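Worksheet: one structure, shown below.
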Amino acid sequence: TRSIDGKLGAFKRGVSLLVVQAQSKVVPMAIIGSANFLPKNGIYCNMKKRNITLKFGKPLTFTKNEKPDREEINNIVKDLHNAVSGLIIS
């Protein structure tokens, strides 16, 4: 979800449940520059600011767990957030 100011927001915990139950690899991805092109709640695109970059990180693997506890869920969310924020900074 795009943020109003273009900064990376907090991640929701629901994705961590999908990750540990499905035991799928997760490829972190960042979309950079879309806030300039089409701001959140914007109606019109700014065609002069259409420099958008997609960055993909290395796949992350998490251990399968049918009933993860709150600490495990929070750690997965933190790992995913760190992976995406690392793409934005680099």
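Source: prediction; values computed, not measured. Residues take their numbers from the sequence shown, with the count starting at 1.
Grouping the Ile, Leu, Val, Met, Phe, Trp and Tyr side chains by contacts below 4.5 angstrom, directly or via other members, places Leu54 with Val27. One hydrophobic cluster holds both Val15 and Phe62 under the rule that ILVMFWY side chains link at heavy-atom gaps under 4.5 Å.
In this structure, the separation between CG on Leu60 and CG on Asp79 is 7.5 Å, given to the nearest 0.5 Å. The distance from atom CD1 of Ile32 to atom CG of Leu87, rounded to the nearest 0.5 Å, is 7.0 Å. Separation of atoms CG (Leu17) and NZ (Lys12) is listed at 14.0 Å; rounding is to 0.5 Å.
Closest of all the heavy-atom pairs between Leu8 and Ser85 is CD2-CB, 3.6 Å. Smallest separation of non-hydrogen atoms from Val20 and Pro68: CG2-CG, 3.5 Å.
No more than 12 heavy-atom neighbours from other residues, nucleotides or ligands sit within 6.0 angstrom of CD1 on Ile31.
Scanning for side-chain contact (heavy atoms from CB on, under 4.5 Å) contacts around Lys78 gives Asn82, with sequence neighbours left out. Gln21 pairs by the side-chain hydrogen bond (donor to acceptor under 3.5 Å, both in side chains) definition with nothing, not counting sequence neighbours.
The only member of Glu71, Arg70, Glu72 that meets side-chain contact (heavy atoms from CB on, under 4.5 Å) when paired with Asn74 is Arg70.
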Does the pair Phe11 and Ile76 meet the rule for a side-chain contact (heavy atoms from CB on, under 4.5 Å), with working shown?
-> CA-CA 10 Å; Phe11 283 26; Ile76 292 169; over 6 Å; no
